[in-house]
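Heads up, the thing below is written out as structure tokens.
Just the heavy atoms: all of them, side chains too, but no hydrogens, waters or symmetry mates, feed the values below.
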Amino acid sequence: MNLNLNDKNALVCGSTQGIGKATALALAEEGVNITLLARNEERLKAVLSELPSHGSHDYIVADFSNPDTLKHQLGSKGNYHILINNTGGPKSGLIHTASTDEFINAFKMHVVCNQILVQHCLPFMKTEGFGRIINVISTSVKEPIPGLGVSNTIRNAVANWAKTLAGELGEYGITVNNVLPGFTDTARLDQIIKVKAQRENMSEKDMAELMKSYVPAKRFAKPEETAAAITFLASESAAYINGINLPVDGGRTKSL
């Protein structure tokens, strides 16, 4: 299948590790010009050096904990056909013990920053008659995950924000979709396994095996597998897919 992504421009957030990095590499292999965005400049430089030399790639240093700084760092950079909204999830914990600041900070990082990025990218997308906004969130949108109280709340806020946006932007050739990763072999999953293992008084190895048993595929996803789904949604072939939540979870989510 020809995805017709050659010479498109993409802004990929959280692109120094995990799914974000895998997505930047996958899009670049399809001929997309990549702008990496994350808070660690040294890691950004390292990923930049891994991108194919046939594209025009750069990076932006910004921290999503400070939306005003993000807006400033974006500056006059733009002309993006593809926006990948992706950032690390809120810390683990029970919802009834979470502080109000945890909710406020997570809302800023995941909803307010997404809004800033979309408003930055929209003028060019409308001019081009082509736009792909893809939000990497969580299967908690369909089924809340125990021990991730703040994350469950904020991820659903992002999903509903995106669904509303999809209805508003479809007429301009712009689609808005959510990818819901399941248990994916990333640093984020390592953190979740550690917390769960401590809470259940189990070894991390045993907890990982238990979590794999919940998945029909009986394994964790590779970041590259989620990146492949994102890359398809970014393509011209996915032009009539809009406003959906796409689980990439090996069949673990039991809801339709």
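Between Glu30 and Lys8, no side-chain nitrogen of the basic residue sits less than 4.0 Å from a carboxylate oxygen of the acidic one, so the salt-bridge criterion is not met. Using a 4.0 Å cut-off between a side-chain N of Lys or Arg and a carboxylate O of Asp or Glu, Arg219 and Glu225 qualify as a salt bridge.
Panel note: side chain His57, backbone Asn33; no donor-acceptor pair is recorded below 3.5 Å. Listed for the Asn177 side chain is a donor-acceptor partner under 3.5 Å among the backbone atoms of Gly243.
Annotation for Phe103: atom CZ counts as buried by contact number, over 12 foreign heavy atoms lying within 6.0 Å. Surrounding NZ of Lys218 are more than 12 heavy atoms belonging to other residues, nucleotides or ligands, all under 6.0 Å away. Residue-environment remark: NZ (Lys71) stays at or below the threshold of 12 foreign heavy atoms within 6.0 Å.
You'll find the side chain of Val179 stays beyond 4.5 Å of the side chain of Ile137, heavy atoms only.
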How far apart are the C-alpha atoms of Val248 and Thr184, what are their side-chain angles, what is the distance that settles it, and do they pass the side chain to side chain contact (heavy atoms under 4.5 Å, CB included) test?
CA-CA 9 Å; Val248 184; Thr184 308; over 6 Å; no
Check the pair Asp58 / Lys77 against side chain to side chain contact (heavy atoms under 4.5 Å, CB included), numbers first and verdict last.
CA-CA 11 Å; Asp58 62 357; Lys77 290 190 176 185; 3.9 Å; yes
Would Asp68 and Asn66 satisfy side chain to side chain donor-acceptor pair (under 3.5 Å), going step by step from the backbone distance to the final call?
CA-CA 6 Å; Asp68 289 337; Asn66 190 328; over 6 Å; no
Does the pair Asn245 and Asn178 meet the rule for a side chain to side chain donor-acceptor pair (under 3.5 Å), with working shown?
CA-CA 5 Å; Asn245 292 316; Asn178 302 319; 2.8 Å; yes
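Under the 6.0 Å distance and 45° angle rule, Arg39 does not count as a cation-pi partner of Phe64. Geometrically, Lys212 engages Phe220 in a cation-pi contact defined by less than 6.0 Å to the ring centre and at most 45° from the axis.
Ile174 CD1 to Leu165 CG: the interatomic distance, rounded to the nearest 0.5 Å, is 8.5 Å. Between the CD1 atom of Ile193 and the CG atom of Asp185 there is a distance of 8.0 Å, given to the nearest 0.5 Å. How far NZ of Lys21 is from CG of Asn86: 14.0 Å, rounded to the nearest 0.5 Å. Interatomic distance, OG1 of Thr186 versus CD of Gln191, reported as 9.5 Å (0.5 Å rounding).
Between Phe183 and Tyr214, the two ring planes are tilted [angle within 30° to 60°].
There is no path of hydrophobic side-chain contacts, each under 4.5 Å, that joins Phe124 to Leu169.
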